[in-house]
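This report refers to the structure that appears directly beneath it.
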Amino acid sequence: MKSKYEEILLNVRKPARYIGGEYNLPDFSVPKKVSFCLCFPDLYEVGMSNLGLQILYSILNGVKEVSCERCFAPWKDYAQQLRENNLPLASLETVKPLKDFDCLGFSIQYELGYTSLLYMLDLAGIPFRAKDRGNEFPLLIAGGPCTANPEPYADFFDLILIGDGEEFIEAFAEIVKKHKGDKLKILKEAVKLNGAYVPSLAKTENGITVTPVKKAVVKDLNLSKYPLKPLVANTEIVHDRPVVELFRGCYAGCRFCQACFFYRPIRLRNEETVVKTAEALIKSTGAEEIGFSSLSSGDYPYISGAINKVFKLASAKNVKLQLPSLRLDSYLECFSDNHRKSGLTFAPEAGTQRLRNVINKNITDSDIENTFSQAFTKGYKSVKLYFMIGLPTETDEDIEGIAKTVRNIKDIFFKTTGGKALSINVSVAVFVPKPITPFQWEEQISIAEMKRRRQLLGGLLRQIRGVHFGWHEESESFLEAVFARGGRELSYLVEKAYALGSYLDSWTELYNFSVWEKAIGELNINTSLYTARKDINARLPWDYIDFSVAKEYLKNEYEKSLKGETTKSCKGGCLLCGAEC
Amino acid sequence: MLVVKFSKTLTAVYMSHLDLMRAINRTIKRAGYEPKFSQGHNPHALLKLSPPIPVGLSSTSEYFTLAIEATDKDKFLKDLNFSAPQGLEFLKVWETEKDPGLAREIIMAEYEISGLNSPLTVELPLGQKTVRVDNYIKEYNEKHGTFLSLKNAVKTKSFVMIGEKLVEPFTAYPQA
């Protein structure tokens with residue numbers, strides 16, 4: 001069987017994606033009682049860059065009598081070879097068909113990946129809906145950022161983990177071991193765990209889930225397990241470096257940002273743990289580069305100490321320290337003179353002070369002025385800027401403000417260096433209202449309006465030399481908005497779109513909006529129900545989840561935003577959002 | 001300057017030339033050795049590989065050269081093998097005074113191709129696209145009606161030219 005899979009490797013691009021054999025791989029020569037497979041509905045290069053996958057992989061392989069393998073979505077050429085040779089999708093490590101595992105754990109990273117999940121199940125010969133899978137099929141569980149609202153894909157899974165996976169997965173593996181082969185028994189016991197949402201056991205009212213689920217939270221990151229010997233890919237991956245997670249959660253409170261509220265409470269790794277982890281990773285991977293990970297590393301209280309210490313031990317081994325994306329206002333403090341001056345990435349998000357107040361991006365024009373003058377003095381010659389369009393209360397004046405900000409940064413460059421050769425990348429995304437943010441009730445502008453605003457901005461930016469204008473495809477933002485706030489009924493749309501040919505949609509080459517338009521049309525779905533402004537008192541599809549941040553807090557933030565009032569970063573003092581840090 | 005002979009088999013045959021370069025660099029670092037680095041804007045380890053081979057082909061005769069401070073060679077080999085990913089095995093190491101330029105000097109290779117019936121050995125010049133080993137196999141299949149693939153081939157020898165003679169690098173560049 002194994003050799004059949006090997007034969008097709010010679011007929012596909014980048015066969016290293018499908019073969020495993022990475023350094024630090026655990027021993028799979030002896031089969032264990034319980035078999036897990038972590039499945040990632042995107043390519044190897046993307047999935048192997050995911051920290052969560054590495055964490056859960058190392059934890060599960062450390063549980064007695066449990067083994068955990070991996071499977072990534074294959075590129076279309078490999079999928080075609082599987083189909084032509086009648087081979088089911090199998091794991092990397094032991095080339096075991098997915099349908100022969102006890103449990104498959106899917107990572108759900110973005111809304112556009114929902115059809116890729118079905119693509120993997122289809123290739124594996126596994127029925128899509130949980131109700132159609134008996135005990136002869138593996139248990140399917142899901143986790144990841146999109147569990148902020150799992151409803152659109154809830155019917156495909158036996159269990160969805162909402163929140164941190166470290167402690168849950170270990171307890172869950174024990175339950176699977178105990179009741180191996182009996183799904184119902186496993187689910188009835190697992191549903192008692194924090195973070196466990198079992199759609200088939202949850203009560204609904206008018207199609208909306210009402211059985212409460214409390215998000216799983218790991219209390220102390222210093223005690224939680226972290227992969228000190230991560231797998232080292234044999235081929236280039238998107239983020240080809242080991243990372244140390246500094247902290248979870250975010251102090252900033254930008255009102256559009258789901259990660260900020262979803263990952264609260266704020267939990268810090270202390271400096272000692274960070275430095276020790278970095279040292280272990282440098283040794284165990286041999287990587288050329290090491291990085292930090294968090295939502296806003298500049299806000300990490302021990303950032304200068306961590307940078308200095310890790311920089312020192314990394315340099316001694318000829319390892320580069322990759323500085324993380326830092327929020328504009330926190331950047332000054334940790335300017336590292338030693339750092340290579342590649343390019344600066346900043347996210348003002350909006351072009352005017354008024355709109356930045358609305359979204360609570362607490363950056364002022366003088367912050368921009370100061371930071372960039374310093375950066376340019378230090379020798380930076382290229383800048384990447386992130387903005388959003390379609391934000392609540394946005395007018396054309398705010399869009400003009402983006403062009404003004406860009407022009408202003410060029411002027412600062414000229415003033416500080418006398419030069420004109422500044423390269424500016426302006427990357428613009430469309431606002432998507434997301435669950436558990438203060439903007440979860442807001443509307444998304446229509447695709448036609450997105451296009452008008454893009455043209456307006458594009459016209460203004462074209463007049464500035466040295467600017468490259470990058471734009472996120474409108475229809476993708478639209479689909480994200482539909483799925484971000486959709487309910488259980490949308491599983492039919494996911495199925496229909498897959499049947500019509502949608503998969504790996506995050507790859508421009510494969511994305512085709514007309515497939516989605518057709519699916520929406522055939523099912524007669526009124527998408528404006530999902531993109532329109534929601535009544536602030538309505539029951540939302542994800543209201544059954546206790547995210548720890550209180551809904552009242554989000555409401556209050558929303559009301560403040562409409563008045564243009566800002567909220568300070570909670571680094572200066574607790575604002576009682578409910579997360580109980 | 002160290003010259004190392006190694007094999008590339010099992011899962012490692014699917015590493016591209018760049019992947020291989022990265023994997024060896026990381027193996028050396030994990031083993032606790034610090035090679036000399038190039039100077040310049042983007043310093044990199046002074047590691048050079050023998051000519052690239054097609055992805056999917058096994059080889060028991062690959063080479064790299066490495067600029068590094070003098071070191072216990074047996075221990076170096078042992079440490080490297082301990083830190084290597086699946087499919088890379090380091091076989092021989094010796095010291096030379098100057099870089100033999102293997103990427104340029106290795107001009108011939110020998111492959112063993114085990115067919116459906118009997119194994120056969122062919123000699124193929126490298127660097128000429130028309131007679132790459134994968135193309136040779138394709139032509140062989142057409143001529144003989146066989147279904148051989150790269151999976152049936154192993155590169156077993158690499159040759160450099162000394163005078164008029166083809167010899168394996170470790171004979172050509174004896175220990176310094």
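Within every chain, numbering begins at 1; the chains are lettered A, B, ... in the order of the sequence lines, protein sequences first and strands thereafter. In this text the structure is predicted, and so the values were computed from the model without any measurement.
Contact annotation for Ala84(B): only backbone heavy atoms (N, CA, C, O) come within less than 4.5 Å of a heavy atom of chain A. If you measure heavy-atom distances from Lys317(A) to chain B, the contacts under 4.5 Å come from both the backbone and the side chain. Of the two parts of Asn24(A), neither the backbone nor the side chain holds a non-hydrogen atom closer than 4.5 Å to a non-hydrogen atom of chain B.
Between Glu6(A) and Lys151(B) a salt bridge is recorded (basic side-chain N to carboxylate O distance below 4.0 Å). Contact check on Lys29(B) versus Glu288(A) returns no salt bridge, with no Lys/Arg side-chain nitrogen under 4.0 Å from an Asp/Glu carboxylate oxygen. Asp19(B) has no carboxylate O lying under 4.0 Å from a charged side-chain N of Lys14(A), or vice versa, which leaves the two without a salt bridge.
A 4.5 Å side-chain heavy-atom check between Arg22(B) and Glu236(A) finds at least one atom pair inside the cut-off. Annotation: side chain of Val232(A) is not in contact with side chain of Pro85(B) (no heavy-atom distance under 4.5 Å).
Chosen from Pro35(B), Gly56(B), Gly32(B), Ser83(B), the residue pairing most often with chain A at heavy-atom distances under 4.5 Å is Ser83(B). By number of non-hydrogen pairs under 4.5 angstrom with chain A, the leading residue of His44(B), Glu34(B), Arg30(B), Met15(B) is Arg30(B). The most heavy-atom pairs under 4.5 Å with chain B, out of Thr235(A), Val319(A), Ile282(A), come from Thr235(A). Chain A forms the most heavy-atom pairs under 4.5 Å with one residue out of Asn25(B), Thr11(B), Leu10(B), Thr27(B), and that residue is Thr11(B).
The 12-atom threshold is not exceeded at NE2 of His468(A), counting heavy atoms of other residues, nucleotides or ligands nearer than 6.0 Å. By the neighbour-count criterion of 12 heavy atoms within 6.0 Å, atom CD of Glu84(A) is densely surrounded, having more than that number from other residues, nucleotides or ligands. Counting non-hydrogen atoms of neighbouring residues, nucleotides and ligands closer than 6.0 angstrom, the CZ atom of Phe82(B) reaches no more than 12 such neighbours.
Between the CG atom of Asn318(A) and the NZ atom of Lys36(B) there is a distance of 13.0 Å, given to the nearest 0.5 Å. Of the inter-residue distances, the one linking Asn234(A) atom CG with Tyr14(B) atom OH reads 12.5 Å to the nearest 0.5 angstrom.
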